[in-house]
Number of protein chains: 4
Amino acid sequence: MVESTSKLEKAAMKRLLERDVTLEEIAELVYDLQLPYLDNLTMELCLDNVKAVLRKREVQNAVLTGIELDVLTEEGKLTSPLQEIIHNDEGLFGIDEVLALSIVNVYGSIGLTNFGYLDKLKPKVINRLDTHKDREDEVNTFLDDIVSAIAAAAASRIAHSQPEVDDKFVDESQLEL
Amino acid sequence: MVESTSKLEKAAMKRLLERDVTLEEIAELVYDLQLPYLDNLTMELCLDNVKAVLRKREVQNAVLTGIELDVLTEEGKLTSPLQEIIHNDEGLFGIDEVLALSIVNVYGSIGLTNFGYLDKLKPKVINRLDTHKDREDEVNTFLDDIVSAIAAAAASRIAHSQPEVDDKFVDESQLEL
Amino acid sequence: MVESTSKLEKAAMKRLLERDVTLEEIAELVYDLQLPYLDNLTMELCLDNVKAVLRKREVQNAVLTGIELDVLTEEGKLTSPLQEIIHNDEGLFGIDEVLALSIVNVYGSIGLTNFGYLDKLKPKVINRLDTHKDREDEVNTFLDDIVSAIAAAAASRIAHSQPEVDDKFVDESQLEL
Amino acid sequence: MVESTSKLEKAAMKRLLERDVTLEEIAELVYDLQLPYLDNLTMELCLDNVKAVLRKREVQNAVLTGIELDVLTEEGKLTSPLQEIIHNDEGLFGIDEVLALSIVNVYGSIGLTNFGYLDKLKPKVINRLDTHKDREDEVNTFLDDIVSAIAAAAASRIAHSQPEVDDKFVDESQLEL
């Protein structure tokens with residue numbers, strides 16, 4: 001199947017790359033999440049599902065908005081006190097989680113658990129994003145949540161597409177996601 | 001394309017019919033919501049989109065759970081005080097809105113507005129469900145919110161599939177919904 | 001009771017005023033929403049509840065973030081395509097609703113209905129914000145949703161504090177909101 | 001301050017106890033979550049915050065509805081296929097997470113992370129609820145998510161009340177929660 005890529009989808013992927021996040025790194029998170037449930041899981045399948053998540057308009061909007069706020073904060077362009085709140089990734093600022101939730105919800109509430117798990121333990125790329133924050137000039141307040149949310153959504157999409165694994169009440173007609 | 005219908009999808013549609021709600025009535029709500037934005041809107045397109053919403057697993061779960069609670073309340077099978085709360089459709093009980101939100105969210109946050117509008121003004125079938133409540137033996141505490149939510153989600157799905165109408169940044173590759 | 005005002009609360013109120021939205025205008029929306037349910041409703045009570053909503057940290061975060069994005073868009077400081085999307089208040093951009101939902105949720109899901117209703121019908125101040133958009137230099141993509149959400153949340157807070165009106169199962173100990 | 005306890009609050013606490021969940025067990029989860037951030041944390045403070053969460057109407061509604069569905073499923077009183085779905089705690093059924101989210105949201109989105117973490121790793125009481133499911137006659141599909149959500153919400157409430165720990169922009173006037 002030839003797949004064209006929308007302008008917004010390209011813009012969201014470009015933004016992720018500019019922030020040094022590859023789709024393969026997100027796919028790795030998905031692989032680790034889903035391996036316990038699927039024997040025949042491949043990195044290719046995980047990557048395909050990450051790409052499918054990024055084709056969703058709601059996801060593109062959240063990616064573009066969150067990274068924009070990170071970058072503007074790096075550039076010192078926000079007004080006070082929002083500038084300091086995002087710069088310091090204050091614990092009581094929850095708008096990053098709010099945007100992340102809008103990504104996770106695209107494949108339903110079953111993704112909440114994986115999102116929270118990734119956001120708490122910060123494995124692999126998420127840890128890198130989180131510790132990069134120590135460099136004075138880098139702000140990833142939104143990006144680490146966004147990456148966790150995309151991975152959690154992709155894991156949910158795989159779960160929905162392999163219903164026989166944990167669910168015997170759905171047949172293949174459900175696969176339209 | 002031949003489209004089979006999953007067991008859960010059939011179960012959800014059967015439940016709606018048992019409660020005297022037809023997909024055509026929900027499609028009518030969608031038609032009224034979207035007519036101002038789409039000159040060539042047809043009832044057939046609205047009905048197709050209602051059916052597409054009902055193919056989503058998250059929606060089926062919410063429909064089955066909500067109607068189950070309405071019916072069990074009618075039969076007096078819940079314990080107190082939940083029995084009375086749902087029977088009386090208490091204003092501060094928000095679990096019906098919580099389930100409805102899980103339906104609306106499937107096509108993103110743009111459906112929130114239409115959901116709230118339908119839930120407040122209660123046009124057509126929603127009004128019928130709401131006033132039926134006066135019959136001592138009928139409880140539609142969850143059903144009226146569920147019907148509003150399905151209609152709002154179907155309207156969002158149409159909006160996403162006709163991006164040229166309100167959005168020039170998306171091309172047809174976005175239509176995978 | 002002497003009430004100090006936090007730095008963030010002051011910042012959120014200042015931002016609203018800078019965008020020409022007064023708390024009294026938001027209170028008017030609340031008054032119209034709740035009048036059918038409360039005979040002894042006063043504008044003072046509505047205003048008190050708007051202020052209480054603005055004391056919530058989650059609300060302050062959403063107000064500060066949303067207005068920041070509106071202002072930065074006015075100043076042309078966002079990157080493309082986000083700049084154009086927010087500038088044109090694109091129908092498929094739902095991040096404004098996502099932020100608004102985080103405000104409404106502070107007092108529970110019962111506020112969803114009022115939020116959707118206000119966002120659809122755009123009475124009074126919301127209409128002014130919406131039509132101001134015609135001036136080339138003003139962007140209120142986030143602000144109109146934020147104002148609707150604050151009003152809906154304040155109406156929910158009043159409903160929770162007057163449980164006898166629509167709910168006989170709650171006593172005054174519930175009033176801690 | 002003398003604190004009366006509402007009818008609904010008592011009903012929710014009674015339901016938890018009937019399902020063998022004590023508030024102290026939930027407080028233990030909160031303690032483990034918050035200990036890394038607060039040197040002077042006590043079990044008493046955790047327990048007070050669990051109780052405060054249970055005073056929220058939205059929380060009481062979710063507790064009562066979720067446990068009711070667990071119990072009715074145990075008694076075989078639901079119709080097929082919902083009976084089997086809840087009985088088997090099917091992976092693609094997300095209504096348990098949907099109800100849990102309505103609890104977590106009461107103290108804002110910062111609780112999402114802790115909820116997902118608890119729901120994934122299932123420490124202590126959550127594990128007991130989860131493995132009890134192996135007994136043919138016990139269903140805790142909703143209850144384990146509800147307990148995780150109450151603990152996550154209580155942890156958020158503590159974080160909001162100790163803003164100096166992770167946030168220097170809020171003063172004590174924020175403590176109204």
Side-chain angles (χ1 to χ4, degrees), chain A residues 5-15 18-19 55-106 141-142 145-146 149, chain C residues 5-15 18-19 55-106 141-142 145-146 149:
Chain A
T5 310
S6 83
K7 184 169 172 179
L8 269 187
E9 187 184 346
K10 275 181 207 152
M13 291 210 265
K14 186 161 161 280
R15 276 305 227 175
E18 285 170 3
R19 305 298 288 174
R55 279 199 292 277
K56 292 280 185 181
R57 179 66 190 267
E58 194 91 351
V59 175
Q60 296 156 2
N61 290 332
V63 169
L64 291 173
T65 306
I67 294 179
E68 189 82 20
L69 285 164
D70 277 348
V71 172
L72 287 165
T73 304
E74 267 180 31
E75 299 172 350
K77 287 189 180 157
L78 302 191
T79 56
S80 179
L82 190 62
Q83 170 71 32
E84 294 83 5
I85 290 172
I86 299 181
H87 187 269
N88 301 338
D89 201 357
E90 303 275 356
L92 297 180
F93 183 71
I95 304 297
D96 38 353
E97 280 89 3
V98 165
L99 285 198
L101 186 58
S102 77
I103 293 175
V104 173
N105 272 338
V106 166
T141 296
F142 283 90
D145 291 286
I146 284 171
Chain C
T5 310
S6 83
K7 185 169 169 180
L8 270 187
E9 187 184 346
K10 276 182 205 151
M13 292 212 264
K14 185 160 159 281
R15 276 307 228 175
E18 283 170 5
R19 304 300 287 175
R55 279 198 292 274
K56 292 278 185 184
R57 180 68 190 267
E58 193 92 353
V59 174
Q60 295 157 1
N61 289 331
V63 168
L64 291 174
T65 307
I67 293 179
E68 189 82 21
L69 285 164
D70 277 349
V71 171
L72 287 164
T73 304
E74 268 180 32
E75 298 171 352
K77 286 188 182 158
L78 303 190
T79 56
S80 180
L82 191 62
Q83 170 71 33
E84 294 83 2
I85 290 172
I86 299 181
H87 187 269
N88 301 337
D89 202 355
E90 303 276 355
L92 296 181
F93 183 71
I95 304 298
D96 38 351
E97 279 89 3
V98 166
L99 285 198
L101 186 58
S102 76
I103 293 175
V104 173
N105 272 338
V106 165
T141 297
F142 283 90
D145 291 284
I146 284 171

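When reading the values below, keep in mind they use all heavy atoms of this one structure, side chains included, and skip hydrogens, waters and symmetry mates. All chains are named by letter (A, B, ...) in the order of the sequence lines, taking the proteins before the strands, and each is independently numbered beginning at 1.
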So, the part of A:A11 with a heavy atom under 4.5 Å from chain C: the answer is side chain
Nearest non-hydrogen partners of C:G94 and A:N61, listed with the distance:
N-ND2, 3.7 Å
Write down the atom of C:K77, the atom of A:E68, and the distance for their closest heavy-atom approach.
O-OE2, 4.1 Å
Nearest heavy-atom contact between C:L64 and A:L82 is O-CD2, 3.7 Å
Interchain contact, A:L78 with chain C, by part (heavy-atom threshold 4.5 Å)
both
Among A:I86, A:T79, A:V98, residue most engaged with chain C (heavy-atom pairs, under 4.5 Å):
A:T79
When rounded to the nearest 0.5 Å, the distance separating CD of A:E58 from CD1 of C:I95 is 6.0 Å
